[in-house]
Amino acid sequence: MIAARIVDALADTVALVIADASRAAESVIADVQATRTDERDSVLLLIAADVPALDRAMLRAAIGPLAIELAPSKRLNAVDVVGDASDEDVIAAARFLAAAISTTGQILDVRR
């Protein structure tokens, strides 16, 4: 699974929250808000390709307000996997956002 590969690639430098088809957007948003107590200063939301369109739209719309809510102690960014993006491309996007220490509230779309 891509989430495990991202965790391995980022060496636990970010709090990873995963949105997939099995979870409602509200549950994912609650998980992002719960990272306030996490010791890491960066949160990455991974929006899987199988997330329904309405949930995807709600999650994308929530990134900016959630980033403001978590600031200044945390940064929040998202990787939105579209279609059949390669694992390597998703990992590269996650690495970029983890390393971009002055970036918050951003969404990278990763597609093939």
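When reading the values below, keep in mind they use all heavy atoms of this one structure, side chains included, and skip hydrogens, waters and symmetry mates.
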Quick check on the hydrophobic clustering: are Ile47 and Leu108 connected, directly or via other members, by side-chain heavy-atom contacts under 4.5 Å? no
Kindly compute the distance separating OG1 (Thr104) from CD1 (Ile63), expressed to the nearest 0.5 Å. 9.0 Å
From CG (Leu66) to CD1 (Ile29), nearest 0.5 Å: 6.0 Å
Which atom pair, heavy atoms only, marks the closest approach of Arg75 to Ala100? NH1-O, 2.7 Å
Sub-4.5 Å side-chain heavy-atom contact between Met58 and Val51: no
Asp87 side-chain N/O to Arg5 backbone N/O, donor-acceptor pair under 3.5 Å: no
What heavy-atom pair brings Ala49 and Gly83 nearest, and what distance separates the two atoms? CB-O, 3.3 Å
Is the backbone N or O of Asp38 less than 3.5 Å from a side-chain atom of Thr35, with the two atoms forming a donor-acceptor pair by type? no
Going by the salt bridge (Lys or Arg N to Asp or Glu O under 4.0 Å) test, which pairs reach into residues 20-30, not counting sequence neighbours? Arg23-Asp31
Do you reckon Leu97 sits in the same ILVMFWY cluster as Ile18, going by side-chain contacts under 4.5 Å, direct or chained? yes
Leu59 and Ala19: which non-hydrogen atoms are nearest, and at how many Å? CD1-CB, 3.5 Å
Which atom pairs, one a donor and one an acceptor, fall under 3.5 Å between side chains of residues 7-17 and the rest of the protein, sequence neighbours left out?
unit_1: Asp12; atom_1: OD1; unit_2: Arg40; atom_2: NH1; d: 2.4
unit_1: Thr13; atom_1: OG1; unit_2: Leu10; atom_2: O; d: 2.8

Can you tell whether the side chains of Lys74 and Glu69 come within less than 4.0 Å, N to carboxylate O? no
Please tell me if the side chains of Val79 and Leu44 come closer than 4.5 Å, counting only heavy atoms from C-beta onward. yes
How many angstroms lie between CG in Asp50 and OG in Ser22, if you round to the nearest 0.5 Å? 7.5 Å
Non-hydrogen atoms of Ala21 and Pro52 that approach each other most closely: CA-CD, 4.2 Å
Taking a hydrophobic cluster as the set of Ile, Leu, Val, Met, Phe, Trp and Tyr residues connected by side-chain heavy atoms closer than 4.5 Å, whether directly or through intermediates, do Phe96 and Leu46 fall within one such cluster? yes
Closest approach of Ala94 to Ile6 (non-hydrogen atoms, all atoms of both residues): CB-CG2, 4.1 Å
So, taking the atom named CD in Glu88 and the one named CD1 in Ile2, what distance separates them when rounded to the nearest 0.5 Å? 7.5 Å
